Structure formats: C-alpha cells, structure tokens
2 protein chains.
Amino acid sequence: MKKSSVGEFDCSIAKTVSTIGDTWSLLILRNAFHGMRRFEDFQKHLCIATNILTDRLKRLTKAEILYRVKDQDDARRVQYRLTEKGFALYPVLVALKDWGDKWEGNYDQPRMVLRVRETGELIPPVAVRTSDGRALHPQEVTPTLGEGADELTKELVEFRVKD
Amino acid sequence: MKKSSVGEFDCSIAKTVSTIGDTWSLLILRNAFHGMRRFEDFQKHLCIATNILTDRLKRLTKAEILYRVKDQDDARRVQYRLTEKGFALYPVLVALKDWGDKWEGNYDQPRMVLRVRETGELIPPVAVRTSDGRALHPQEVTPTLGEGADELTKELVEFRVKD
DNA sequence: CGGTATCCCATTTGATACTG
DNA sequence: CAGTATCAAATGGGATACCG
C-alpha cells in the first residue's frame, strides 16, 4: 500500500493520521495552539526548512485546519490561524502531551502545566469518560457497529477478545 | 533536522509523535485495542508487508507499548499485547477517532460507536475538561511553566496571544 | 507461523540559492 | 516577509524469496 492511500481506509483514525499525523504538522499545530501565527515564527522556533514549512502550511490550510488572513499591523505579513476544525484537534494534542509527560518524560519536574485561564485551576489528564465523568479503562469500553459500518469495521469489531 | 532527531525536542508531543506517530504504528495500535494480538492477523487485516510489520512491532515492543507473550494454545505462535503504557494511549486513539468521525467522515451514519461495556451507554467525545467535568475550549486554557521548563518551552508559553 | 534478507523504487528531506 | 526552485541524499515502501 502506498502511504498516500492509507487515508482511503474507511477508518477515522487512518484518515486523521493521514491528514495531520506527521511530525511537522503536529509540531506546527502545537505551536498554533500556543498562539503562533506567522511563517517566520514557525520557521525560527521549529528550525524547519522553508520549503517543508510551506508544504505543511499548505496542507493544513487545504484541510481547513488553518486559514490564512492578512496581518492588520503589517500588510506584507500573513497569519495562519486555527479554524473551528483546527481547534477541535485540541483533545488530540493534549492527549499526546499527557501521555508523553507521563511515559516518555525524563524529568522529575513537569515542563508545562495546563490551567483554566480564569481560575488557575489545574486541568486533569484527558481521558475517555462516561457522560457523568467517570474515566474508563479501554477494557470497559466496547465498540458497536454503527449504521454505516463497512466490512473492515465489522471484522475489527468482531475481533474483540473477551479476557 | 533529521526525522530521527525530532524526538530529542524537549517536548512531550514531539517525543510521543516520534514514538508512535506514524501511520502503521497507529493502525496496529487501533487493532490492538480491538483485541488483535497475532502477527498474522495484523498482516492480513492491514495488508501490510511483513518486513514493515516486523519493524513496527519491534519498535512498539521496544517502546514498551506492546509486549510479547507465547500463545498458550499454539506454541509456535506469539502474541503482542498492550502494556499499561500501551493502554494509556487509549485517549489519544479515541480523540483521533472522534475528530475524524466529526470532521473527515463522508458518511451520514457512523461506522462505529463506543459504548460502556456493562451498560451499553454511549460514550461522549473525548474533551479537555476541568476536574468537575466541564469541557474547555482551547482558549479557556492557559499553559503555565512547570519547574522543569527549558528555553524552548518558555519561548512557547510566552508566545501566547491574547485575542 | 513469524519472521529475515534483499532489492528497488518513490517519496521526503533539508540545504542552498533566489524572488516578488 | 513569505515564500519558490532545485537538487542530492536519506528514508521508507512493497514485492519477493527464504528460513527455523
């Protein structure tokens, strides 16, 4: 299978990964969530080659995760900002950060802590929860077929092992 | 920068992405969360070349996301199972699925729906929440420096734009 | 069954130079 | 400033054959 055809898998994870699942795109998004908006700033902070940055910004813009807007202060400049679809990636980014902090960090002290802006309250790790807020272990969750399920999805759902 | 050195960024997202952030690894993990455990099953379901699959299983095993165990039923067989560290990736996978379902799906009907195994209750989308369960928009969240913050983290946190 | 070993091709990368 | 153009090198992919 070609890499480019992975997104054609009828699977949300495959599609999502083929859209944003490369190192540079994720790092650009991370910075975007920190308020970074300008080509120059991405380039400097990430030490990314300009052609690669151009490519990724184009892809993210085409995917409607970022949109371009002229900088009011400086007509020569362009800003790349998150769309609603882009903002919706926040749980993905935070889940990645949470996992890395816990399992891949080499540090006793955390480098960055997320808080509620208004109150300063600490934000607990992202989890899969019931609607009343209880965190669930993966084995407490079961996938069920939706109306639109295709063959591969069926295979996968039926695969489920019981222990 | 070489791809292999991205993980050396002092950033949990970069580290995490360099560990699991490629298409095949994510798809293998997706299947593992569905209970898939055998080389052969991964190979058949994903149509992945055996050398690539070997490589990814090794990497995931080395990262202690999967571990190998002999199949009790068939001595020739090996099983790859999720470790605790592997199970901890569940929020990442579900967040990816949720986002893809909402923003990248071409279907009116969902293909797969997650439910609480015991009760059948629907599981709401993964979100960044306060400790009392309120979902937060990214702009309601602010990053603060932890004790272990390095220069790049500081740059990033200070970048935050106010509108 | 669960891999290894090889080979080859396509893609991606990053450095560098250049431009409207 | 925000790209584009070029290009050599590295990487990653899949097919195939083979093995304990």
Side-chain angles (χ1 to χ4, degrees), chain A residues 1-9 14 17-28 31-32 36-63 66-81 159 161, chain B residues 1-9 14 17-28 31-32 36-63 66-81 159 161:
Chain A
M1 189 201 329
K2 285 187 229 158
K3 192 179 181 185
S4 58
S5 61
V6 168
E8 292 155 20
F9 260 129
V17 169
S18 78
T19 308
I20 57 149
D22 83 279
T23 309
W24 288 126
S25 298
L26 262 321
L27 290 174
I28 289 167
N31 287 19
M36 197 172 279
R37 292 172 176 175
R38 295 202 294 235
F39 189 97
E40 187 190 11
D41 292 324
F42 288 115
Q43 199 276 318
K44 282 184 185 155
H45 190 267
L46 295 173
C47 302
I48 180 177
T50 59
N51 53 344
I52 312 284
L53 179 56
T54 298
D55 177 72
R56 294 304 190 279
L57 289 172
K58 268 185 187 158
R59 278 168 45 181
L60 290 169
T61 302
K62 192 171 177 190
L66 300 177
Y67 67 101
R68 288 166 53 105
V69 56
K70 279 183 192 161
D71 191 320
Q72 296 94 318
D73 303 330
D74 185 341
R76 292 173 310 173
R77 283 183 153 161
V78 180
Q79 294 191 344
Y80 292 88
R81 297 200 196 186
F159 212 95
V161 177
Chain B
M1 190 201 329
K2 285 185 226 157
K3 192 178 180 185
S4 58
S5 62
V6 168
E8 293 155 20
F9 259 130
V17 169
S18 77
T19 308
I20 59 150
D22 83 278
T23 309
W24 287 126
S25 298
L26 262 319
L27 290 174
I28 289 167
N31 287 19
M36 196 172 280
R37 293 172 176 175
R38 296 203 294 235
F39 189 96
E40 187 189 12
D41 291 325
F42 289 113
Q43 199 276 317
K44 281 185 185 156
H45 190 266
L46 295 174
C47 301
I48 179 176
T50 59
N51 52 346
I52 313 284
L53 179 56
T54 298
D55 176 73
R56 294 305 190 278
L57 290 173
K58 269 186 186 157
R59 278 169 45 182
L60 291 169
T61 302
K62 191 171 179 189
L66 300 177
Y67 67 100
R68 289 166 54 105
V69 58
K70 280 183 190 160
D71 191 320
Q72 296 93 318
D73 304 330
D74 185 342
R76 292 173 310 172
R77 282 185 152 159
V78 180
Q79 294 191 345
Y80 292 87
R81 297 201 196 185
F159 212 95
V161 177

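Just so it is clear: chains get the letters A, B, ... in the order the sequence lines come, proteins before strands, and each one is counted from 1. Just so we're clear, the structure is a prediction, and the values are computed from it rather than from any experiment.
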In whole Å, I'd like the distance from the [atom1] atom of [X] to the [atom2] atom of [N].
| X | N | atom1 | atom2 | result |
| --- | --- | --- | --- | --- |
| A:Gln43 | C:dT16 | CD | C1' | 13 Å |
| B:Lys44 | C:dG3 | NZ | P | 15 Å |
| A:Asp55 | C:dT13 | CG | P | 8 Å |
| B:Asp22 | D:dT11 | CG | C1' | 13 Å |
| B:Gln79 | C:dG2 | CD | P | 9 Å |
| A:Ile48 | D:dA2 | CD1 | P | 14 Å |
| A:Leu53 | D:dG3 | CG | P | 8 Å |
| A:Asp74 | D:dA2 | CG | C1' | 11 Å |

**Side-chain heavy atoms of B:Phe39 within contact of B:Thr50, under 4.5 Å** = yes
**Prompt:** Are B:Ile28 and B:Tyr80 close enough that some pair of their side-chain heavy atoms sits under 4.5 Å apart?
**Reply:** no
Of the candidate nucleotides [options], which contains the atom at the shortest distance from the side chain of [X]?
| X | options | value |
| --- | --- | --- |
| B:Asn51 | D:dA2, C:dT6, C:dG3 | C:dT6 |
| B:Arg56 | D:dA5, D:dG12, C:dT13 | D:dG12 |
| B:Thr54 | C:dG3, D:dG12, C:dA15 | C:dG3 |
| A:Tyr80 | D:dG3, C:dG3, D:dA5 | D:dG3 |
| B:Arg76 | C:dT13, C:dC1, C:dA17 | C:dC1 |
| B:Val78 | D:dT16, D:dC1, C:dG2 | C:dG2 |
| B:Ile52 | D:dG13, D:dC1, D:dA15 | D:dG13 |
| B:Trp24 | C:dT4, C:dA15, D:dG13 | D:dG13 |
| B:Ala49 | C:dC1, C:dA17, D:dA15 | D:dA15 |

**Request:** Answer yes or no: is there a donor N or O on one side and an acceptor on the other, between the side chain of B:Gln43 and the main chain of B:Ile48, under 3.5 Å?
**Result:**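 Between the backbone of B:Ile48 and the side chain of B:Gln43 there is a qualifying donor-acceptor contact (under 3.5 Å).
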**Request:** Please round to the nearest 0.5 Å and tell me the distance separating atom CG of A:Asp41 and atom CD of A:Gln79.
**Result:**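 A:Asp41 CG to A:Gln79 CD: 9.5 Å, rounded to 0.5 Å.
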**Request:** Answer with base, sugar-phosphate or nothing: what part of the nucleic acid does A:Lys58 contact at a heavy-atom distance below 4.0 Å?
**Result:**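 Sugar-phosphate only.
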**Full working for side chain to side chain contact (heavy atoms under 4.5 Å, CB included) between B:Leu57 and B:Arg68** = CA-CA 9 Å; B:Leu57 290 173; B:Arg68 289 166 54 105; over 6 Å; no
**Message:** On the nucleotide C:dC1, are OP1 or OP2 found under 4.0 Å from the side-chain N or O atoms that B:Arg68 carries?
**Reply:** no
